[in-house]
Amino acid sequence: MIIDLKSIFVNENSSLPLDYSLDMSDFEHSGLFPLKKPVSIKGTISNKASLIRFLAQIVFEFSAPCDRCGKPTAAVVKIEVDKILATSIEGEDSDTILLVPDMKLDVDDFIYTETVVNLPMKHLCREDCKGVCSKCGKDLNDGKCDCPTKEIDPRLSVLAQLLET
């Protein structure tokens, strides 16, 4: 969806509400399709004193296996958007300024970019997830396994026998 913002740029004290959803279920991340529900954006684009401001919130549900134990989990991610819209910029780029050279905002592209940039780096089923045993694969959240906690490198087993005596 492309929004023509000429009327906002020209008319002071004008605003435009935004309530839109984008289906990103075909987006692949690490071999998975984590965005099963549409990504939504709600907010406003307003002109106050010739300052065009874009305030919005992007919300999506990230579904993926836990990075430690592998259980399927889902988390709701909320991104706060606070951007200044400008047709051109002089000097250095800024993260707070969004360029719209032709006074048109491609909402699909904006949502896609913000969603990909804000995907969780680590996805856990819970903060204190213990993961799985590296030897037997038992889920350590369900209890301890029977694997020995201290393992001696087989190349050094002869030295371990010296310590036992």
Side-chain angles (χ1 to χ4, degrees), residues 1-134 137 139-143:
M1 175 171 90
I2 296 177
I3 299 176
D4 189 354
L5 299 172
K6 288 179 187 170
S7 63
I8 300 293
F9 274 88
V10 174
N11 300 315
E12 281 195 33
N13 297 322
S14 60
S15 67
L16 177 69
L18 181 63
D19 188 355
Y20 180 69
S21 293
L22 176 66
D23 181 21
M24 289 182 59
S25 59
D26 59 346
F27 170 73
E28 184 179 355
H29 176 65
S30 300
L32 301 169
F33 296 94
L35 303 171
K36 300 190 183 346
K37 295 181 181 178
V39 178
S40 68
I41 185 169
K42 290 183 182 181
T44 58
I45 301 170
S46 60
N47 180 342
K48 292 190 180 174
S50 296
L51 180 68
I52 292 70
R53 194 166 184 189
F54 180 23
L55 292 171
Q57 184 179 57
I58 299 174
V59 179
F60 62 90
E61 185 175 307
F62 185 78
S63 302
C66 176
D67 288 338
R68 291 184 187 160
C69 69
K71 289 181 184 174
T73 61
V76 175
V77 178
K78 295 179 181 180
I79 306 164
E80 297 297 327
V81 176
D82 186 358
K83 302 275 185 187
I84 304 297
L85 301 180
T87 55
S88 64
I89 185 171
E90 293 179 20
E92 295 183 27
D93 288 340
S94 173
D95 289 342
T96 61
I97 298 175
L98 181 62
L99 286 175
V100 285
D102 54 355
M103 294 186 200
K104 293 182 181 177
L105 175 63
D106 186 346
V107 179
D108 291 353
D109 185 49
F110 179 77
I111 291 174
Y112 184 87
T113 303
E114 289 295 315
T115 302
V116 171
V117 167
N118 288 287
L119 286 175
M121 296 298 284
K122 184 187 280 188
H123 190 64
L124 301 175
C125 59
R126 60 184 203 220
E127 286 297 318
D128 64 340
C129 178
K130 296 176 184 171
V132 294
C133 175
S134 60
D139 187 349
L140 298 174
N141 295 313
D142 298 335

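Being a predicted model, the structure only gives us computed values, none of them experimental. This chain uses plain numbering: 1 for the first residue, then up along the sequence.
- One finds the CG atom of Leu99 at 7.5 Å from the OG atom of Ser88 (value rounded to the nearest 0.5 Å).
- The two atoms that bring Cys66 and Cys129 nearest to each other are SG-SG, 3.7 Å, heavy atoms only.
- Remark: Phe60 CZ to Lys36 NZ distance equals 13.5 Å, nearest 0.5 Å.
- A distance-only check finds a donor-acceptor pair linking the side chain of Thr73 to the backbone of Ala64 [under 3.5 Å].
- Asn47 contributes atom CG, which lies 7.0 Å from atom CG of Asn13 (distance to the nearest 0.5 angstrom).
- Asp128 CG to Arg68 CZ: the interatomic distance, rounded to the nearest 0.5 Å, is 8.5 Å.
- Counting heavy atoms from C-beta outward, Cys69 and Lys130 have side chains that stay 4.5 Å or more apart.
- Here the shortest heavy-atom pairing between Gly131 and Asp139 reads O-OD1, 3.4 Å.
- Note: Asp109 CG to Glu114 CD = 10.0 Å, rounded to the nearest 0.5 Å.
- Residues Thr44 and Pro17 approach most closely at CG2-CA, 4.1 Å, considering heavy atoms.
- Residues Ile41 and Ala56 approach most closely at CG1-CB, 3.9 Å, considering heavy atoms.
- Nearest approach of Ala74 to His123, heavy atoms of both residues: N-NE2, 4.2 Å.
- The shortest distance between side-chain heavy atoms of Leu105 and Leu98 falls below 4.5 Å.
- Using a 4.5 Å heavy-atom cutoff, the side chains of Ile111 and Tyr20 are in contact.
- Partner Ser40 forms a side-chain contact (heavy atoms from CB on, under 4.5 Å) with one of Asp19, Ile58, Val59 and no other, that one being Val59.
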Subject >> Test log, rule side-chain contact (heavy atoms from CB on, under 4.5 Å), inputs Leu140 and Cys133 >> reply: CA-CA 7 Å; Leu140 298 174; Cys133 175; 4.3 Å; yes
**OP:** Please report the C-alpha distance between Thr115 and Phe27 in whole Å, then the side-chain angles of each, then the deciding distance to 0.1 Å, and finally whether the side-chain contact (heavy atoms from CB on, under 4.5 Å) criterion is met.
**Re:** CA-CA 10 Å; Thr115 302; Phe27 170 73; over 6 Å; no
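- Closest heavy-atom contact between Ser50 and Glu12: OG-OE2, 3.1 Å.
- Two residues are said to be in side-chain contact when any heavy atoms from C-beta on lie closer than 4.5 Å; Ile45 and Leu85 meet this criterion.
- For the atom pair OG1 of Thr96 and CG of Asp82, the computed distance is 8.0 Å after rounding to the nearest 0.5 Å.
- You'll find the side chain of Leu35 stays beyond 4.5 Å of the side chain of Ser25, heavy atoms only.
- In this structure, Asp108 and Tyr112 have side chains that are not in contact, with every pair of non-hydrogen atoms separated by 4.5 Å or more.
- For the pair Ile3/Phe110, no side-chain contact is recorded, criterion being any heavy-atom separation below 4.5 Å from C-beta on.
- Ser7 has its side chain out of reach of Leu16: every pair of non-hydrogen atoms, C-beta onward, lies at least 4.5 Å apart.
- Few gaps surround NZ on Lys71; more than 12 heavy atoms of other groups in view lie less than 6.0 Å from it.
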